[in-house]
Amino acid sequence: MIEQREPEPSRPVWSWIRSAPGTHIWMLIIAITSVVVVIVPDHLEHVLLHRNSSNIHELARHPVRALLSSAFWIESPSSLPLYVVLFEVFQANVERWLGTLRWLFVIATGHITATLISQKLVLMAIEDNRAPRSMVHVVDIGVSYGLATAVGVLTYRLPGPWRWFYLAGCVAFFGLPLATGGTFTDLGHAIALAVGLLAWPLTRNPGRRRTPG
């Protein structure tokens, strides 16, 4: 049985971190890679972002590495504080609710599915001359697909009518850019949200809370 973790009142900060270890380890790695992007020379930053991207070129040459490493970098380190907030609101709450293993499975599925489908469609657009060949090397990194998946999963955590208001907001937020001529990234976000919503069976009986002893 997967155990849900709840913060301990006596040590609020440490217990909060321990209650969602996967989220906070992930966030720590992103913080480290963001510092690296800030301190390295511009030409090296360009190389790092492209080598850790999950674009068509890297997926064809190093598919596993590309899918994994792209989840630990963000293109703009200045957005790190925003990601910290989003991780605490969405990722940490989903992990705390489902347990680390289920959370990791759902988020990884969303990240991988959104990346592969969106990049496949980019490849098709290039082959049909609807997109420039330079898109093969486009920078495609970041944690937004995983966040969109967590946003979708969290729908089932909300009670009563709030769930439907939340769902409508999610569909509007991720769907409107796509409906108004969005990019392949917007498509990836919509796919990741759908993966989170389709994970409903994994949200049933996610585990019993640990009773403090």
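Predicted model, so just to flag it, every value in this text is computed and none were measured. When a residue number appears, it is its place in the shown sequence, counting from 1.
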Side chain to side chain contact (heavy atoms under 4.5 Å, CB included) evaluation trace for Val139 with Asn55: CA-CA 6 Å; Val139 173; Asn55 56 35; 5.9 Å; no
So Phe174 and Asp186, side chain to side chain contact (heavy atoms under 4.5 Å, CB included) or not? Walk me through it. CA-CA 7 Å; Phe174 291 107; Asp186 295 320; over 6 Å; no
Please step through side chain to side chain contact (heavy atoms under 4.5 Å, CB included) for the pair Trp103 and Gln91, ending with a clear verdict. CA-CA 8 Å; Trp103 163 80; Gln91 298 286 22; 3.0 Å; yes
Kindly determine whether Trp164 and Leu158 satisfy side chain to side chain contact (heavy atoms under 4.5 Å, CB included), including the steps that lead there. CA-CA 9 Å; Trp164 303 110; Leu158 299 177; over 6 Å; no
Side chains of residues 74-87: which donor-acceptor partners sit under 3.5 Å, not counting sequence neighbours?
residue : atom : partner : partner atom : Å
Ser76   : OG   : Ser78   : OG           : 2.8
Ser79   : OG   : Ser76   : O            : 2.6

Report all side-chain donor-acceptor pairs from residues 27-39 shorter than 3.5 Å, counting only partners two or more places apart or in another chain.
residue : atom : partner : partner atom : Å
Thr33   : OG1  : Ile29   : O            : 3.3
Thr33   : OG1  : Ile30   : O            : 2.9
Thr33   : OG1  : Phe72   : O            : 2.6
Ser34   : OG   : Ile30   : O            : 2.8

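One finds the CD1 atom of Ile191 at 10.5 Å from the OG1 atom of Thr149 (value rounded to the nearest 0.5 Å). Here the CG-CG distance, from Asn93 to Leu98, works out to 10.5 Å after rounding to the nearest 0.5 Å.
Considering only residues two or more places apart in sequence or on other chains, His46 meets the side-chain contact (heavy atoms from CB on, under 4.5 Å) condition with His50. Considering only residues two or more places apart in sequence or on other chains, Asp42 meets the salt bridge (Lys or Arg N to Asp or Glu O under 4.0 Å) condition with none of them. His137 is linked by a ring pair (Phe, Tyr, Trp, His ring centres under 6.0 Å) to His57, counting only residues two or more places apart in sequence or in another chain. Looking at residues two or more places apart in sequence or on another chain, you find a side-chain hydrogen bond (donor to acceptor under 3.5 Å, both in side chains) between Ser144 and His189. Residues passing the side-chain hydrogen bond (donor to acceptor under 3.5 Å, both in side chains) test with Arg65, sequence neighbours excluded: Glu58. Arg130 meets the salt bridge (Lys or Arg N to Asp or Glu O under 4.0 Å) test with Asp128; sequence neighbours excluded. Among residues two or more places apart in sequence or in another chain, the side-chain hydrogen bond (donor to acceptor under 3.5 Å, both in side chains) test is passed with Ser54 by Asp140.
In terms of heavy atoms, Asn52 sits closest to Leu48 at ND2-O, 2.8 Å. Between Pro177 and Ala172, the shortest heavy-atom contact is CD-O, 4.1 Å. When all heavy atoms are compared, the tightest approach of Cys170 to Val151 is SG-CG1, 3.3 Å. Leu178 approaches Ala190 most closely through the heavy-atom pair CD2-CB, 3.8 Å.
Listed for the Arg102 side chain is no donor-acceptor partner under 3.5 Å among the backbone atoms of Thr203. Counting only distance, with no hydrogens or angles, the side chain of Glu95 and the backbone of Thr23 share a donor-acceptor pair below 3.5 Å. With Trp97 contributing its side chain and Ala92 its backbone, the two residues share no donor-acceptor pair below 3.5 Å.
Within the structure, side chain to side chain donor-acceptor pair (under 3.5 Å) pairs that include any residue of residues 106-118 comprise Ser70-His111 (at least two apart or interchain). For residues 164-179, no pair satisfies salt bridge (charged side-chain N to carboxylate O under 4.0 Å, His left out), with sequence neighbours left out.
In the hydrophobic clustering of ILVMFWY residues, with side-chain heavy atoms under 4.5 Å counting as a link, Val89 and Tyr156 come out together. In the hydrophobic clustering of ILVMFWY residues, with side-chain heavy atoms under 4.5 Å counting as a link, Val94 and Leu104 come out together. By the criterion of side-chain heavy atoms lying less than 4.5 angstrom apart, applied directly or through intervening Ile, Leu, Val, Met, Phe, Trp or Tyr residues, Phe173 is not grouped with Leu176; the two fall into different hydrophobic clusters. Taken together through direct or relayed side-chain contacts under 4.5 Å among Ile, Leu, Val, Met, Phe, Trp and Tyr, Leu147 and Leu202 form part of one hydrophobic cluster. Note on Ile141: it clusters hydrophobically with Ile107, by side-chain heavy-atom contacts below 4.5 Å among ILVMFWY residues.
At least one side-chain heavy atom of Trp16 sits under 4.5 Å from a side-chain heavy atom of His24. Here the side chains of Leu187 and Leu121 are in contact, with some heavy-atom distance below 4.5 Å.
Side-chain contact of Ser19 with Arg96: a donor-acceptor pair under 3.5 Å is present, judged by distance alone.
Ile56 belongs to a hydrophobic cluster whose remaining members, ordered by chain and number, are Val122, Leu123, Ile126, Met135, Val136, Val138, Tyr145, Phe184; membership requires side-chain heavy atoms of ILVMFWY residues under 4.5 Å apart, directly or through intermediates.
Within the cation-pi definition used here (under 6.0 Å to the ring centroid, within 45° of the axis), Arg157 does not qualify as a partner of Trp162.
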